Amino acid sequence: MTMAAGLVVAAAPAASAADSMTDLGVRLSLADHSEVVAGGGKVFVTAGDRVVVTDTEGALLGAITDLAGVDDVVVTPDGAHAYAALPDSHEVVEIDTAALAVTRRIDFAAYSCLTDLALSGQTLWTAHGCDLYTGGVVTRLDVSAPASQPVTVLTGQSTTPTIAVAGNTLLLSAPAASAADVLVYDVSAGSATLRGEIDGGAPTTSSRPDLDITPDGSTAVLAFSSGFESWDLASLTKLRDYGQDPTVRGQVIDFAVSPDGDHLAGGWWLGDRGVELYDLATGATTYTQKIPSGWPTPRILTMAIAGNDVFSVLYTSGTTNLRLWRLEDATLLPSAVTLSAPSEGATALEPVTLTGRLTLPDGMALGLRSLRVTRRLPDGTSTSLRHVKTKTDGTFSITDTPPTAGTVGYDVSWPGSTTVRGSTASASVVVVHQSASLTLAGPRDLVLGNRLYFWGTLKFGDHAPATRPSVTVNRGNPDGTSTELGTVQVSASGGFKISDLPDQEGEYIYNVLFLGDDATTGTNDGLFVTVRAGSV
């Protein structure tokens, strides 16, 4: 859509893990205009005096710079060349998309005010218009011929025409007197023959629509501020509406039709609508995603679709660089994963079970699907656990032993398929410390000069500690002083032994302390020993 200040390209109710945001390194004012297209594994964004190029994962590849006010851009079906309109210099530049360099400049000085581009096969169509007396002009140009010159196809049209071309059909926005209408031309012979008129118009607006055609040339798509319409180009009859919900606040900013003609992506401004995808054949909404928060008044500007992904460029009140927002697998069918944790929580070092369900689109067999599971600990670290498999009804369970107390998170994800978008779910479990117990045993009387031996057992709950921790031993002497005897490591069975040689008569107390850790509480136990002279 021809809007002030903008960019968006080719994209699950929940954001995918591979969704990304790329800083394009360019600032535009709200009065500037931008467009974006995708082709040949690249994304092209017009931004002031340049075309910024990324790959289809949003990584910056470079830019074609020193362009005089670049406005519109289109790309050939094979992605080998892009064509950018430069209204200020009255020309269209041809860009080699592999070298990211201008290889040809096509002169349009004979035509005023280049306003729009369209590409059908190897034919470049241009729309011109700003003269109230002569009206708008449409030309065509064979870009496969090195020395080809533009040929006038239509004259006397709207002073600022908008065009779309696919196959043998040219759409053109009608004059301002019929703002919501679109003229349909047959261009199979190279010239334009009027076939009829689409009497379009969303119920809440009379503004001139933006327009596009599905790649097979069968369906026209019109965008109004309040939503979208599709029209059959054979009968010139309306097929259906999209996104026109008067109860939901929003205004259309831009839209794109997928290369296979199956999907319509719409970008919305105001309210919480963000990006929405529709099934072009049924009108069903298949995907929604709000604009990410974090910047002042973020706004989607233009759109396009590449493969299964939607890309949108966000403008944020002129305070930050434009950002390319990639929505991965947005055109695929939706799936859903749910995950529930036990409400009573869990205890560290004891098994806990979470349950969930994977739901696939209607009519698709669930089968045994493998799910990835990740555990997140309170310290921010995460660990991949063993995959789990769904049952034939989609249900599954995850059993894990939390190694620490605190809030432990679990993420489960299904990676998706070639036709269905993956999905994720998360749940948290409040894990309390495991109780620890310590017991000591040994002689209570000892003859001075003999060595004392006693032993103990440390348990975590009902089990020996698997981590083999250490305990600290302190001796309280008859004279009121104390001596730290050091630490002793617990065996795999939880047992430990302590020996000491008391050096005076009297009553001793041996205290053994386990300090506790992230998973268990601390505990201690003591043993009183009386040391006497002579035999016992």
Side-chain angles (χ1 to χ4, degrees), residues 14 17 335-359 366-416 422-440 455-472 487-497 512-525:
S335 66
V337 175
T338 59
L339 185 64
S340 299
S343 59
E344 65 272 17
T347 301
L349 308 181
E350 292 185 8
V352 61
T353 298
L354 297 86
T355 58
R357 180 185 291 272
L358 170 65
T359 304
L366 278 162
L368 302 178
R369 307 281 179 165
S370 180
L371 308 177
R372 293 193 293 259
V373 182
T374 300
R375 178 182 63 208
R376 292 176 282 106
L377 297 181
D379 64 1
T381 61
S382 60
T383 303
S384 295
L385 305 181
R386 292 184 60 183
H387 286 206
V388 298
K389 285 191 175 181
T390 64
K391 298 178 181 178
T392 54
D393 63 354
T395 60
F396 63 90
S397 62
I398 300 168
T399 299
D400 180 48
T401 302
T404 184
T407 300
V408 178
Y410 292 88
D411 303 322
V412 60
S413 63
W414 180 61
S423 52
T424 63
S426 300
S428 296
V429 181
V430 177
V431 181
V432 299
H433 284 82
Q434 176 66 259
S435 61
S437 61
L438 195 154
T439 57
L440 297 177
W455 53 94
T457 302
L458 177 65
K459 286 187 176 182
F460 291 169
D462 296 327
H463 304 284
T467 55
R468 299 192 64 186
S470 294
V471 294
T472 301
T487 60
V488 178
Q489 187 175 25
V490 175
S491 70
S493 64
F496 57 90
K497 292 181 179 180
V512 179
L513 173 67
F514 172 65
L515 295 174
D517 55 25
D518 291 341
T520 56
T521 59
T523 186
N524 70 297
D525 195 13

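Residues take their numbers from the sequence shown, with the count starting at 1. Just so it is clear, the model here is predicted, and its values are computed rather than measured.
The two residues Gly406 and Pro378 come nearest to each other via the heavy atoms CA-CG, 4.0 Å. The shortest heavy-atom contact between Ala464 and Ala492 is CB-O, 3.5 Å. When every heavy atom of Ser335 is checked against every heavy atom of Ser423, the shortest pair comes out as OG-OG, 2.9 Å. In terms of heavy atoms, His387 sits closest to Ser370 at ND1-OG, 3.1 Å. When all heavy atoms of Ser382 and Arg376 are compared, the closest pair comes out as CB-CG, 4.1 Å. The two residues Leu458 and Phe496 have their closest heavy-atom pair at N-CE2, 4.2 Å.
With Asp525 contributing its side chain and Leu440 its backbone, the two residues share a donor-acceptor pair below 3.5 Å. Side chain of Thr521 to backbone of Ala436: a donor-acceptor contact under 3.5 angstrom is found. A donor-acceptor distance shorter than 3.5 angstrom exists from the side chain of Gln434 to the backbone of Ala348, with no hydrogens or angles considered.
To the nearest 0.5 Å, atom CD1 of residue Ile398 and atom CG of residue Leu371 are 7.5 Å apart. Separation of atoms CG (Leu385) and OH (Tyr410) is listed at 7.0 Å; rounding is to 0.5 Å. Taking CG from Leu354 and OG1 from Thr338, the interatomic distance works out to 11.5 Å, rounded to the nearest 0.5 Å. Here the straight-line distance linking atom CG of Asp517 with atom OG1 of Thr404 works out to 7.5 Å at 0.5 Å rounding. Taking CG from Leu358 and CG from Leu339, the interatomic distance works out to 12.0 Å, rounded to the nearest 0.5 Å. Here the CZ atom belonging to Arg468 is positioned 8.5 Å from the OG atom belonging to Ser493, to the nearest 0.5 angstrom.
Between Val408 and Leu377, some side-chain heavy-atom pair lies under the 4.5 Å cut-off. Between Pro402 and Val429, every side-chain heavy-atom pair lies at or beyond the 4.5 Å cut-off. A heavy-atom distance below 4.5 Å is found between the side chains of Thr520 and Leu349. Within the 4.5 Å cutoff, the side chain of Thr390 has no heavy atoms near those of the Leu366 side chain. Using a 4.5 Å heavy-atom threshold, the side chains of Thr395 and Arg357 count as touching.
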Could you go through Val490 and Phe514, starting from their C-alpha distance and side-chain angles, then the distance that decides it, and tell me whether this counts as side chain to side chain contact (heavy atoms under 4.5 Å, CB included)? CA-CA 10 Å; Val490 175; Phe514 172 65; over 6 Å; no
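Side-chain polar atoms of Ser428 and Thr407 form no donor-acceptor pair below 3.5 angstrom.
The side-chain contact (heavy atoms from CB on, under 4.5 Å) test with Phe396 is passed by exactly one of Leu368, Thr355, Val337: Val337.
Sorted by first and then second residue, the pairs that involve residues 387-410 and meet salt bridge (Lys or Arg N to Asp or Glu O under 4.0 Å), not counting sequence neighbours, are Arg375-Asp400.
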